[in-house]
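To start, the structure itself, in structure tokens.
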Amino acid sequence: MFGLIGHSTSLNEARATARKLGYPEYADGEFEMWCVAPPQLVEKVTVTSPTGQTIEGAYIDSVFVPEMLSRFKTAKRKVLNAMELAQKNDIAITALGGFTSIIFENLNLLNEQQVRNTRLDWERFTTGNTHTAWVICQQVVQNAPRLGIELAKAKVAVVGASGDIGSAVCRWLQRQGVGELLLVARRPQPLIELQSTLGSGRILELNEALAEADVVVWVASLPQGLSIDSGSLRHPCLMIDGGYPKNLDSLVESEDVHVIKGGIVEFWQDLGWQMMQVAEMANPKRQLFACFAEAMLLEFEGIHTNFSWGRNNISLASMERIGDASLRHGFRALGLELVRGAQLAAA
Ligand code: NDP
């Protein structure tokens with residue numbers, strides 16, 4: 001059985017979902033009540049691959065909301081409690097979605113293995129970042145040519161280049177062969193180390209990189225209040241919005257600047273679940289975060305281990321392995337035509 005640990009994108013959204021699911025005490029509850037609420041196993045789902053193989057899974061809502069990010073103890077408790085619930089349900093492999101993997105890493109939860117009487121078994125969990133990185137690379141490679149961008153000559157900016165997903169994307173794109181990688185993050189030292197392992201790439205400030213880039217891969221959560229001068233962007237420009245939350249399209253509205261929701265895949269048939277409705281997917285019955293899909297893929301493939309774990313460990317070989325499984329089991333990366341198709345369907 002696979003598991004997915006997720007959360008709502010805001011307290012208001014969490015309240016609305018609680019009302020919809022028939023939990024009025026949560027829907028009307030104050031923030032403090034949400035802070036102490038336990039995780040919920042919300043939904044079970046059966047997933048069938050085009051190969052005919054069928055697997056079972058469960059979605060666990062950690063009852064975390066981003067408003068809790070500054071409350072370190074609360075955030076930590078939410079993630080650990082959700083992991084404990086997954087393990088107690090004997091789920092073999094569970095993906096840490098949304099902010100939960102970032103909380104796990106940044107608050108160093110590796111040191112918090114004991115949760116009450118449960119010793120967490122790390123091998124049962126994955127960040128899902130290997131599949132996310134692979135999907136984002138596919139989104140670049142498949143969609144840039146559709147806009148007339150020749151990757152072999154293109155400048156590709158990676159915002160969040162020194163991160164777990166960003167560094168894997170840089171390694172993959174370098175091997176793929178792009179004109180030049182533009183490396184962006186706040187701290188210089190990790191970028192210098194990345195540049196030295198890549199043996200190439202130019203370190204730039206965000207605004208400098210945006211002015212030069214034909215393709216921009218965003219794999220950092222955008223700071224609140226960020227504004228982008230659309231006039232300074234190149235035309236055409238392909239932007240892959242791989243951060244969380246996915247709000248880039250509201251910042252860059254300009255003709256010939258094309259934003260794709262990054263790290264999102266579409267399954268080959270409808271999934272009988274409600275949960276992606278909450279994540280505001282264009283086609284919630286089929287579309288999901290690539291990190292969640294990684295748990296499904298590991299279950300399909302019988303790889304019951306923490307496939308994506310720690311920081312900056314993602315190898316090209318593991319990206320290829322999960323990428324092959326992704327195609328075999330009916331996932332494909334969201335691209336320009338899928339976005340446009342969904343918009344047309346909605347019209
Ligand atoms: P990491 O913490 O490993 O990396 C984050 C990177 O972003 C670092 O390079 C960091 O460097 C940089 N960064 C952070 N803030 C800023 C900023 N304001 N401006 C420029 N750079 C910044 O995170 P992950 O690689 O695990 O995840 C990256 C993003 O991807 C997150 O937003 C996460 O939520 C999202 N994600 C999306 C998924 C999906 O959609 N399917 C799945 C998993 C994750 P520095 O601190 O030096 O700035």
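Residue numbers count from 1 along this sequence. As the structure lists them, so they are numbered: ligands from 1, and atoms in each ligand from 1.
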Looking at side-chain heavy atoms only, is the closest gap between [X] and [Y] below 4.5 Å?
X	Y	value
Met1	Lys44	yes
Met239	Leu233	yes
Val141	Gln176	yes

Hey, which atoms in ligand 1 end up nearer than 4.0 Å to a heavy atom of [X]?
X	value
Gly242	30 (O), 35 (C), 36 (N), 37 (C), 40 (O)
Thr132	38 (C), 41 (N), 42 (C)
Gly262	40 (O)
Ser162	8 (C), 9 (O), 11 (O)

Any salt bridge between Lys261 and Asp241, counting N to O under 4.0 Å?
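Not counted as a salt bridge, because no side-chain N and carboxylate O are separated by less than 4.0 Å.
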Under 4.0 Å between a Lys/Arg side-chain N and an Asp/Glu carboxylate O for Asp28 and Arg19?
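Yes.
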What residue and atom, counting heavy atoms only, is the protein's closest point to [atom], and at what distance?
atom	answer
atom 27 (O) of ligand 1	Ile165 CD1, 3.6 Å
atom 46 (O) of ligand 1	Arg186 NH2, 2.8 Å
atom 23 (O) of ligand 1	Arg311 NH2, 3.9 Å
atom 34 (O) of ligand 1	Tyr244 CB, 3.1 Å
atom 40 (O) of ligand 1	Lys246 NZ, 3.0 Å
atom 32 (O) of ligand 1	Ser221 OG, 2.8 Å

Set of residues satisfying salt bridge (Lys or Arg N to Asp or Glu O under 4.0 Å) with respect to Arg116, sequence neighbours excluded:
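With neighbours one apart ignored, the set is Glu84.
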Give the other cluster members for Leu204, using side-chain heavy-atom distances under 4.5 Å between Ile, Leu, Val, Met, Phe, Trp and Tyr residues; answer none if it is isolated.
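Listed partners: Leu182.
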Any nitrogen or oxygen of [X] lying under 3.5 Å from a nitrogen or oxygen in ligand 1? Just yes or no.
X	value
Gly243	no
Arg187	yes
Asn106	no

Should Arg328 and Glu301 be marked as a salt bridge (charged side-chain N to carboxylate O under 4.0 Å, His left out) after you check the CA-CA gap, both sets of side-chain angles, and the distance that decides it?
CA-CA 10 Å; Arg328 187 162 48 250; Glu301 297 283 307; 3.0 Å; yes
Return the option from [options] holding the heavy atom at the smallest distance from [atom].
atom	options	answer
atom 20 (C) of ligand 1	Gly166, Ala293, Ala185, Gly263	Ala185
atom 28 (C) of ligand 1	Ile136, Leu191, Val219	Val219
atom 4 (O) of ligand 1	Ala133, Gly163, Ser101, Ala95	Gly163

CD (Glu25) with more than 12 external heavy atoms under 6.0 Å:
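More than 12 within 6.0 Å, yes.
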Classify the contact between [X] and ligand 1 as side chain, backbone, both or neither, using a heavy-atom distance cut-off of under 4.0 Å.
X	result
Asn129	side chain
Glu105	neither
Ile102	side chain
Asp164	both

Against ligand 1, does Ala290 come closer than 4.0 Å with any heavy atom?
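A heavy atom of Ala290 does come that close to ligand 1.
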Quiz item: cation-pi between Arg124 and Trp122, 6.0 Å / 45°:
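Output no; distance or angle outside limits.
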Does one hydrophobic cluster hold both Trp268 and Leu297, with members joined at side-chain heavy-atom distances below 4.5 Å?
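Yes, one cluster joins them.
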Looking at Leu191, is its backbone amide N or carbonyl O close enough to the side chain of Gln195 to form a donor-acceptor pair, meaning the two atoms are under 3.5 Å apart?
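Side chain of Gln195 to backbone of Leu191, a donor-acceptor pair under 3.5 Å: no, none is there.
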